[in-house]
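First comes the structure, then the notes that go with it.
Heads up: numbering here begins at 1 and tracks the sequence. Keep in mind it's a predicted model, so treat the numbers as computed, not measured. As the structure lists them, so they are numbered: ligands from 1, and atoms in each ligand from 1.
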Amino acid sequence: MNYISTRGGESLNLAQILTRGTASDGGLFVPESWPMINQQQLDELLTGEYADIAGRVLTHFGGDSLPDDVATSAVSTAMQAFAPPVGPPVTPLEDGLWALELIHGPTLAFKDFALAPLAEIIAQTLQHQNRQATVLCATSGDTGAATVSAFAHRQNLRAVVLFPAGGVSDFQRRQMTTTGASNVLTLSVDGDFDTCQHIVKALYQTDAAIKYGYTAVNSINMIRILLQTAYYFRSSGIVKTKTGKPSSFIVPTGNFGNIYAAYIAKQMGAPINKLIVTSNDNDVLPRLFDSSSMQGLQTVKTISPSMDIQVSSNFERLLWHIKGNDGAAVTQAQRSLESSSGYQLSASEMQSLMQDFSAMKCTEEDANKAMQYMQSRFNKTICPHTATAVHAARELTPDPGSETVIVETAHPAKFSHAVHQATGVTPAIPPHAAGLMEKEETFCSVPADLAAVQDAISDFFAHS
Ligand SMILES: *Cc1c(COP(=O)(O)O)cnc(C)c1O
């Protein structure tokens with residue numbers, strides 16, 4: 001199985017894209033074709049233990065390019081830190097409606113499902129190669145928390161995480177700053193998320209990139225997406241067994257990674273009907289569905305910060321499928337998006353998009369109402385990101401041919417201020433994350449300046 005760039009260049013195997021960000025032509029790696037699997041192999045992806053399913057997915061996608069058995073053992077080791085370790089709960093709410101709870105990982109957001117096993121795979125691969133590396137990450141909160149948790153205390157790895165000072169919740173900051181791990185450097189940058197991202201991109205271009213082995217685990221990493229595919233196989237399998245019907249997933253979306261994972265499962269034969277994208281006021285994707293036009297606007301701050309995105313990076317992968325795997329056409333569209341004029345999809349491209357997807361925007365008021373509704377109707381406390389999916393579930397006309405599955409992306413305790421404002425309820429912190437608010441914090445405050453960040457990193461290496 002080879003991976004090619006959405007813009008037509010480079011072709012590499014799974015081991016080679018393990019720690020790669022974008023391809024050298026600026027595109028994203030996509031599998032050349034979907035793995036061909038038979039009915040028995042599909043059944044094995046729809047039932048059974050979560051770790052086995054995730055391991056099998058990686059094997060189908062070229063896991064044999066990794067050292068022996070690394071994929072499967074990495075997933076089962078990583079899952080030990082999850083509550084429950086057997087896989088995310090698929091909870092029935094009412095007739096035809098379910099919740100897929102991706103909120104019980106070590107840092108209480110779905111990103112754990114990808115980053116925890118990815119860290120394990122990278123650590124084992126480096127050990128085989130007798131190498132060391134340094135993971136760099138810019139975060140608006142959840143990715144940084146999941147990265148720190150996944151890479152803390154590892155022998156052959158260091159992690160450097162940049163977050164915007166004041167731009168993450170207290171809970172999220174504490175998840176990054178209280179591990180006490182000597183191999184983690186957490187930097188509070190006097191700037192916004194885009195500034196952090198900008199500095200990280202610049203760090204890759206410095207001499208230190210080779211010296212310290214800078215490595216990317218950002219949300220365009222294909223292995224992260226493949227690992228997320230596992231819970232769509234498993235949950236659609238569970239719903240099919242219980243109801244005989246396929247699932248339609250409603251996914252709170254930012255960078256389009258999580259929902260693209262669902263699309264892969266569907267392409268490989270999982271019983272999935274529609275995929276519904278939800279956004280907050282940063283509605284770049286719902287606008288595309290309404291107007292056929294992809295055009296980012298200024299990002300606005302909302303109560304669901306992990307979805308405050310106007311450039312949905314992974315959508316480039318879907319664009320590549322919609323444009324019939326035409327790298328030149330994708331290059332042209334992305335160039336026009338980057339130069340801020342945006343791009344337009346043709347009628348037939350829109351048709352191919354809407355065959356699998358639809359989209360809905362959720363305003364701040366809608367989100368507050370959705371949190372209140374879940375509290376009063378089901379006594380279930382949800383986070384403001386999940387609220388966007390609940391809003392869509394209530395607005396959409398039910399389809400008797402399929403079951404609706406709301407994807408819960410973060411635990412409400414991570415966003416207790418917004419949840420309390422909407423519902424009056426203070427969400428309880430689950431036992432496996434308890435104690436966070438009392439632990440001692442270690443982090444370094446730096447100005448929004450490349451040289452200052454470089455100094456902080458050299459200092460960290462000198463002392464660790
Ligand atoms: C990252 C994140 C999202 C967006 O997921 P994408 O894969 O970027 O679309 C939604 N909700 C929460 C809580 C997140 O952390």
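With atom 4 (C) of ligand 1 as the reference point, the heavy atom nearest to it among G254, S312, S279 is part of G254. Across K111, H411, Q172, H385, heavy-atom proximity to atom 2 (C) of ligand 1 is greatest for K111.
Assignment of S219 to the shell around ligand 1 is not supported, since no heavy atom sits closer than 4.0 Å. Within the 4.0 Å heavy-atom shell around ligand 1 one does not find Y260.
At the shortest separation from atom 3 (C) of ligand 1 among protein heavy atoms lies F110 CE2, 3.6 Å. Scanning all protein heavy atoms for the shortest distance to atom 7 (O) of ligand 1 gives N258 N, 2.9 Å. When hydrogens are left out, the protein atom nearest atom 11 (N) of ligand 1 is T409 OG1, 3.0 Å; that is the closest non-hydrogen contact. At the shortest separation from atom 8 (O) of ligand 1 among protein heavy atoms lies N255 N, 2.7 Å.
By the neighbour-count criterion of 12 heavy atoms within 6.0 Å, atom CD of Q351 is sparsely surrounded, having that number or fewer from other residues, nucleotides or ligands.
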Practice item. Start with the C-alpha distance between K380 and E408, add both sets of side-chain angles, then the distance that settles salt bridge (charged side-chain N to carboxylate O under 4.0 Å, His left out), and finish with yes or no. Key: CA-CA 11 Å; K380 186 173 172 71; E408 288 191 64; 2.8 Å; yes
Review point. Which is it for N282 and S279 under the side-chain hydrogen bond (donor to acceptor under 3.5 Å, both in side chains) test, yes or no, and what are the steps along the way?
Key: CA-CA 6 Å; N282 296 289; S279 83; over 6 Å; no
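When only interatomic distances are considered, the shortest N/O to N/O separation between F256 and ligand 1 falls below 3.5 Å. Residue contacts with ligand 1: G257 is placed with a nitrogen or oxygen under 3.5 Å of a nitrogen or oxygen of the ligand (distance criterion only).
Aromatic ring centres of F415 and H385 lie closer together than 6.0 Å.
Checking Q375 against T381 by side-chain atom types alone, a donor-acceptor pair falls below 3.5 Å. Judged purely by distance below 3.5 Å, without hydrogens or angles, the side chains of Q175 and K414 pair a donor atom with an acceptor atom.
Close approach of ligand 1 to P252 is summarised as follows: ligand atoms under 4.0 Å from at least one heavy atom of the residue are 4 (C), 10 (C). Close approach to D142 involves these atoms of ligand 1, each under 4.0 Å from a residue heavy atom: 12 (C), 13 (C), 14 (C), 15 (O). In the vicinity of M307, heavy-atom distances shorter than 4.0 Å reach the ligand 1 atoms 10 (C).
V160 places a side-chain heavy atom less than 4.5 Å from the side chain of L162.
For the pair R173 and F163, the cation does not sit on the ring face, since its NZ or CZ is not both under 6.0 Å from the ring centre and inside 45° of the axis.
For N314 (side chain) and S219 (main-chain N/O), a donor-acceptor pair under 3.5 Å exists by modelled atom type.
Contacts between T253 and ligand 1, counted as non-hydrogen atom pairs separated by less than 4.0 Å, involve both the backbone and the side chain.
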